[in-house]
Amino acid sequence: MPAGCRAVLVEGVGASRRDLAHLFDVAIWVRSDYAEAERLGLLRDLGLKGVDPETAKREWDEWMAEENPFLSADRPWDRAAFVVGGTGVGTGEGVRTSEPS
């Protein structure tokens with residue numbers, strides 16, 4: 001990186017959404033296995049929030065009911081300079097390579 005330049009990394013499924021594209025130079029899309037992402041997300045929520053499994057699952061499903069339509073419409077991977085594999089990629093079924101299932 002040239003002297004005087006700074007890098008800012010922003011993480012999140014919506015970080016490279018269409019209406020912010022003019023603000024970033026490079027986007028990286030991390031593909032993930034849907035089932036593994038759910039498993040890890042539920043474990044995270046159980047640990048951080050201290051909720052019961054049923055509540056964690058309901059909140060996950062509510063979140064995904066909003067996230068999946070956003071991803072289908074916005075397709076942030078189409079703007080990504082790099083698409084890389086995350087946890088569980090390559091395991092076959094459920095791999096989110098483009099549109100969410």
Side-chain angles (χ1 to χ4, degrees):
M1 182 176 302
C5 290
R6 295 181 355 192
V8 176
L9 301 176
V10 180
E11 181 275 335
V13 73
S16 62
R17 64 184 183 260
R18 185 176 296 114
D19 61 336
L20 296 180
H22 68 284
L23 299 174
F24 56 83
D25 294 318
V26 176
I28 301 170
W29 180 255
V30 180
R31 294 182 346 174
S32 61
D33 178 84
Y34 190 86
E36 181 66 358
E38 179 178 9
R39 185 184 75 76
L40 293 172
L42 292 174
L43 286 174
R44 175 201 61 211
D45 292 349
L46 289 168
L48 290 177
K49 295 179 180 179
V51 298
D52 60 86
E54 294 78 24
T55 300
K57 177 66 170 136
R58 179 181 46 76
E59 290 177 353
W60 176 268
D61 291 343
E62 289 170 357
W63 180 267
M64 296 313 295
E66 293 185 26
E67 185 171 285
N68 284 336
F70 159 75
L71 289 172
S72 291
D74 194 82
R75 302 178 59 86
W77 50 85
D78 286 344
R79 289 179 295 286
F82 304 96
V83 176
V84 299
T87 303
V89 170
T91 60
E93 188 176 336
V95 175
R96 184 182 284 181
T97 56
S98 59
E99 294 186 28
S101 54

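All values below were derived from every heavy atom in this structure, side-chain atoms included, with hydrogens, water molecules and symmetry-related copies excluded.
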Problem set entry | Side chain proximity check, Val13 to Pro76, heavy atoms < 4.5 angstrom | no
Exercise. Under 4.5 Å between side-chain heavy atoms, hopping through other hydrophobics if needed: is there a path connecting Trp60 to Val51?
Worked result: no
Problem set entry | Residue pair Arg39, Glu36: steps toward the salt bridge (charged side-chain N to carboxylate O under 4.0 Å, His left out) verdict | CA-CA 5 Å; Arg39 185 184 75 76; Glu36 181 66 358; 2.8 Å; yes
Exercise. What residues form a salt bridge (Lys or Arg N to Asp or Glu O under 4.0 Å) with Arg18, not counting sequence neighbours?
Worked result: Asp74
Exercise. Who are the salt bridge (Lys or Arg N to Asp or Glu O under 4.0 Å) partners of Glu62, not counting sequence neighbours?
Worked result: Arg58
For this session: Only counting residues at least two apart or in another chain, list the ones meeting side chain to side chain contact (heavy atoms under 4.5 Å, CB included) with Ala21.
Result: Phe24, Arg79
For this session: Look at the side chain of Ser72 and the backbone N and O of Asn68, then say whether any donor-acceptor pair between them is shorter than 3.5 Å.
Result: yes
For this session: Find out if a path of hydrophobic residues (ILVMFWY) with successive side-chain heavy-atom gaps under 4.5 Å connects Leu42 to Leu48.
Result: no
For this session: Could you tell me which residues satisfy salt bridge (Lys or Arg N to Asp or Glu O under 4.0 Å) with Asp52, sequence neighbours excluded, listed by chain and number?
Result: none
Exercise. Who else is in Val10's hydrophobic cluster (ILVMFWY, side-chain heavy atoms under 4.5 Å, direct or via others)?
Worked result: Val8
Problem set entry | By salt bridge (Lys or Arg N to Asp or Glu O under 4.0 Å) - contacts of Lys49 (at least two apart) | Glu59
Seminar exercise, completed: Besides Leu9, the hydrophobic cluster formed by Ile, Leu, Val, Met, Phe, Trp and Tyr side chains linked at under 4.5 Å, directly or via other members, contains none
Exercise. How many angstroms lie between atom CD of Glu67 and atom CE of Met64, to the nearest 0.5 angstrom?
Worked result: 4.0 Å
For this session: Could I get the full list of side chain to side chain contact (heavy atoms under 4.5 Å, CB included) partners for Leu20, not counting sequence neighbours?
Result: Arg17, Leu23
Problem set entry | Shortest non-hydrogen contact from Val83 toward Trp77 | CG2-O, 4.4 Å
